Peer 1: 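Structure below; questions to follow.
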Amino acid sequence: MKKRRNIAAGNWKMNLTYKEGRLLARKIVDGTGRSDVTVILGVPAIHLKAMESILGGVSNFKTAAQNCHHEEKGAYTGELSAAQLKSVGTDCVILGHSERREYFNEDAELLAKKVDIVLKHGMEPIFCCGEKLDIREKGTHVELVSKQVKDALFHLTDEQFRKVVIAYEPVWAIGTGKTASPAQAQDMHKAIRDLIREKYGEETANLTSILYGGSVKPANAEEIFSQPDVDGGLVGGASLKAGDFTKIIKAF
Ligand code: PEP
């Protein structure tokens, strides 16, 4: 029997004012209520504190920051530390999103440090990986994604690794309207789970939630989420519309 969590995670990216964000979160909570699905809202940092009270009463809801600095504290103007995020009740931190890799040059070495500090402060990393279109066309996508996972995560102990959620997001499917086919998603998710099994064993592999991200919407969520190794989604665009996101949450 599947022991791992089903997760619907939203990534609001750099969207929504303070007022708009509170309104959207309330609508999502009201439209969903308590359920077996873990719902994670990946919000801009200005919203995190308010989310604590909006989501606080509903135990299946969690908050995620979209990034965090890799050092404890200090002279890093404009950055936020793991301790600061934790201090406003943040549960998870999205790390290694393809936009951060692309525009902020985040590499495996840096991401490994970010993973460490997020875990140290008692939050769950949602670690993103995924190939660009040229790699998919060359057929080396499994190799590349395996390397991304190994290089940033495989220094963790088994206990630490069990706190990590993985999000496979083919870059060619993010924000493009193109979705990986359910079979393409399943193949990669299985490859990632096999890799985890090789390193950490059967139990950890079975406990690790692996999410798919890339143009998930109400029309395709059910088919993607029904794949045996797909445990939910990391959703960008469709997470900004309460109606669409609640339909996605109900697609399991
Ligand atoms: C994302 O930003 O992680 C994402 C998957 O975006 P979208 O759903 O818009 O493709």
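Counting starts at 1 for both ligands and their atoms, in listed order. On a predicted model such as this, the values are computed, not experimentally measured, just so you know.
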Peer 1: Under 3.5 Å between some N or O of ligand 1 and some N or O of G175?
Peer 2: yes
Peer 1: Give the contacting part of I174 toward ligand 1: side chain, backbone, both or neither, where contact means a heavy-atom distance below 4.0 Å.
Peer 2: both
Peer 1: Hey, is ligand 1 close enough to G237 that some N/O pair sits below 3.5 Å?
Peer 2: yes
Peer 1: Would you call K113 and D116 a salt bridge, taking side-chain N to carboxylate O under 4.0 Å as the test?
Peer 2: no
Peer 1: Specify whether Y168 and H189 have parallel, tilted or perpendicular ring planes, treating 30° as the upper limit for parallel and 60° as the lower limit for perpendicular.
Peer 2: perpendicular
Peer 1: Is any N or O atom of E99, backbone or side chain, closer than 3.5 Å to an N or O atom of ligand 1?
Peer 2: no
Peer 1: Is the centre of the F225 ring less than 6.0 Å from the centre of the Y212 ring?
Peer 2: no
Peer 1: Would R197 pass as a cation-pi partner of Y200, given that its NZ or CZ must be under 6.0 Å from the six-membered ring centre and within 45 degrees of the axis?
Peer 2: no
Peer 1: Looking at ligand 1, would K217 count as a contact under a 4.0 Å heavy-atom criterion?
Peer 2: no
Peer 1: What is the closest protein heavy atom to atom 8 (O) of ligand 1, and at what distance does it sit?
Peer 2: G236 N, 2.8 Å
Peer 1: Heavy-atom contacts under 4.0 Å between A238 and ligand 1: side chain, backbone, both, or neither?
Peer 2: neither
Peer 1: Could you tell me the residue and atom name of the protein heavy atom closest to atom 3 (O) of ligand 1, and the distance to it rounded to 0.1 Å?
Peer 2: E169 OE2, 2.6 Å
